[in-house]
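Working notes for the structure below.
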Amino acid sequence: MLHKRLYQFVLVYFIGLAFLFTIKGVFNLSDYVIPSPPDIYNTARRVFMRYLFDVLNTLSVAIVGHILSIAMATVVGIIGRLSNWMGSLIRTAAFNIQAYPIVAVAPMIFILLGDGLSSRLLIAAMICYFPLLLSFIGILSEPITDIEHFYIHSGRMRWQLEVKIRAFENMNKLITVVAGSATLAMVGTIVSEFIGASAGIGYSIRIALYQSDLSKILVALFLIGIFTSLYLAVLEWLGNIVSRRWGELEVKGMS
Amino acid sequence: MIEYKNINYKYPGAQNPVLNNLSCSVGEPGFHALFGQSGVGKSTFARMIAGQLNGFAGEIEGREPIKVYYSYNLERLPGWSGVGEHIDKVTPEANKSRINEIVESFGLSACIGSGFSKLSLGQRNRVNLARYLLQDFDLLIMDESLANVDEATREQIIFKIKEMFPEKSFLYISHSVAEVSRFCSNILVLRSFIKRPQALTINGQDDVRGKQVVKKDLEETMLEIVNAS
């Protein structure tokens, strides 16, 4: 799984590079606009270690933001599944707020909270929170009538049991949604760093942009891709373990 | 006993009513049937009796003291729990002594350690019915609860239910004329909403273990049901 993800990314990355060099050749662009392969290689040797730590910094914020957004989406999703006024209010609010681009709100967060960790974390969490929330609400508000009927009519249904039944029956969907939102957490963190933070790979890309240094940006993109692929592969691996364990429970019928 | 008078019900958006001035009574102790062609409203009426359907017009008398349960053949147990563990967990303390008797007489001893998803359709339906029988009920509606169960086992189960719960009321929904004619005491035949009256009650043979049902009587009952529906 890991090697497949990495292989896919490296393939796409080098296709992208080849496309850039083709454009450079066709339009006879200078090394200032699109650097030559030796330039990129030299830049990579120079900035690799610094960018590596920047990407690790970004990834750690993305992971914490991702975990935060999963926790928030779970709690709010559990309340949002209700058919009363509170559930209805949360669902309506979630649908409306998610339509608003978080990136547009990001400068306000930087003004209020500064350019430190809290702003990066908040933006990363918000960017992957809403897609997660909508999926969680959708999954948790869908009744599993064939199972719930007995509990409802024998007076045994509790909200914890309802959530457990619905989560168990939709475990594969939940795992896919959580793994899929990891990319959004990484994107959110990089965007927040690019807009206003003073650390992380997004910040380094902003500096490279000011210097008009495409080599640095290409090195940063390479490292971002490698580590995002790694994170996704780890999540998929964890998801497979959970899914297998869940499946075994169902087969054995043991709690 | 619950008495229904002039019950009318139409599903939202439907052109015709399902129940049209339906009058009948259910809930008398014994093993009774609700019979009718597909689409005449058997499950709708059953859900109404169980209090799971609102928005109908008419009068209901004597409903309050009766505890009604509605079981149907597509129900499932939660995947994380084994059959035995689930049954033990959902059975009220006072009825736990009946678990073994029901499990054995329903032929479920071998399934008790398995997961529900590993069982055959017939076994699933028997497990589902068993957990309902272990509840404190006055009236149990069995909506095709013995579907996919072979005839001999079905017979054993119905006999056992009659022996174990003589004071309780059962409403058995089935499409088998022979089965309801033989085993049920009263057969409430539900008909299309255009027919008057919409429901007719026919006496069945109420077969119990050891009793010999006269073939001619059984055939007459079956004919009556077919003519009524």
Side-chain angles (χ1 to χ4, degrees), chain A residues 74 77-78 81-85 88 135-136 138-178 238-255, chain B residues 43 46-53 66-92 95 108 110-119 121 123-125 127-143 145:
Chain A
T74 305
I78 286 170
R81 90 193 191 288
L82 298 171
S83 51
N84 61 15
W85 66 270
S88 179
S135 302
F136 279 25
I139 287 168
L140 295 177
S141 58
E142 192 66 45
I144 312 289
T145 316
D146 298 347
I147 297 176
E148 292 175 16
H149 176 269
F150 173 80
Y151 290 105
I152 292 168
H153 297 290
S154 61
R156 289 188 177 84
M157 186 55 98
R158 303 284 176 272
W159 71 266
Q160 295 95 327
L161 180 62
E162 187 179 273
V163 170
K164 190 177 175 183
I165 291 171
R166 293 176 189 182
F168 190 93
E169 289 292 311
N170 292 292
M171 190 44 70
N172 285 335
K173 272 189 209 166
L174 286 173
I175 289 169
T176 308
V177 167
V178 167
L238 286 173
N240 277 346
I241 290 175
V242 174
S243 194
R244 214 166 37 234
R245 174 90 184 98
W246 228 241
E248 281 167 9
L249 279 182
E250 186 146 28
V251 169
K252 286 182 195 163
M254 298 299 169
S255 58
Chain B
S43 295
R47 284 172 57 213
M48 186 181 290
I49 297 169
Q52 296 172 18
L53 195 75
I66 291 184
K67 205 166 183 181
V68 184
Y69 275 78
Y70 173 61
S71 72
Y72 63 97
N73 69 335
L74 294 172
E75 287 183 77
R76 290 186 290 141
L77 267 61
W80 65 80
S81 188
V83 169
E85 187 193 342
H86 174 82
I87 288 179
D88 192 56
K89 206 177 269 181
V90 300
T91 304
N95 299 341
L108 294 172
C111 314
I112 219 75
S114 310
F116 189 73
S117 59
K118 299 295 280 180
L119 305 181
L121 286 175
Q123 286 171 324
R124 288 181 189 193
N125 287 337
V127 166
N128 184 43
L129 179 59
R131 66 174 175 166
Y132 275 98
L133 289 168
L134 289 162
Q135 306 305 309
D136 291 320
F137 65 92
D138 296 307
L139 166 61
L140 176 61
I141 301 165
M142 299 161 57
D143 194 347
S145 297

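Chain letters run A, B, ... following the sequence lines, proteins first, then strands; residues in each count from 1. These numbers come from the heavy atoms of this one structure, side chains and all, not from hydrogens, waters or symmetry mates. All values reported here derive from a predicted model rather than from experimental measurement.
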Where on Glu75(B) is there a heavy atom nearer than 4.5 Å to chain A: the side chain, the backbone, both, or neither?
both

Report, by ascending residue number, the residues of residues 154-162 of chain A in heavy-atom contact with chain B at a distance under 4.5 Å; give 'none' if the set is empty.
Ser154(A), Arg156(A), Leu161(A)

Under 6.0 Å from the six-membered ring centre of Tyr70(B) and within 45° of its axis: does the NZ or CZ of Arg47(B) meet both?
no

Heavy-atom pair with the smallest gap, counting every atom of Asn73(B) and Asn125(B)
O-OD1, 2.7 Å

Assign the ring pair His149(A) / Tyr132(B) to parallel, tilted or perpendicular, where the plane angle (0 to 90°) is split at 30° and 60°.
tilted

Closer than 3.5 angstrom, by distance alone: can the side chain of Thr91(B) be matched with the main-chain N or O of Gln135(B) as a donor-acceptor pair?
no

Under 4.5 Å heavy-atom distance to chain A, tell me which part of Val90(B) shows up: side chain, backbone, both or neither.
both

Considering all heavy atoms, the nearest Asn95(B)-Asp136(B) contact
ND2-OD1, 3.0 Å

At a 4.5 Å cut-off on heavy atoms, which part of Ile152(A) comes close to chain B: side chain, backbone, both, or neither?
neither

Is the backbone N or O of Arg166(A) less than 3.5 Å from a side-chain atom of Asn170(A), with the two atoms forming a donor-acceptor pair by type?
yes

So, are Lys173(A) and Glu142(A) salt-bridged, with charged N and O less than 4.0 Å apart?
no

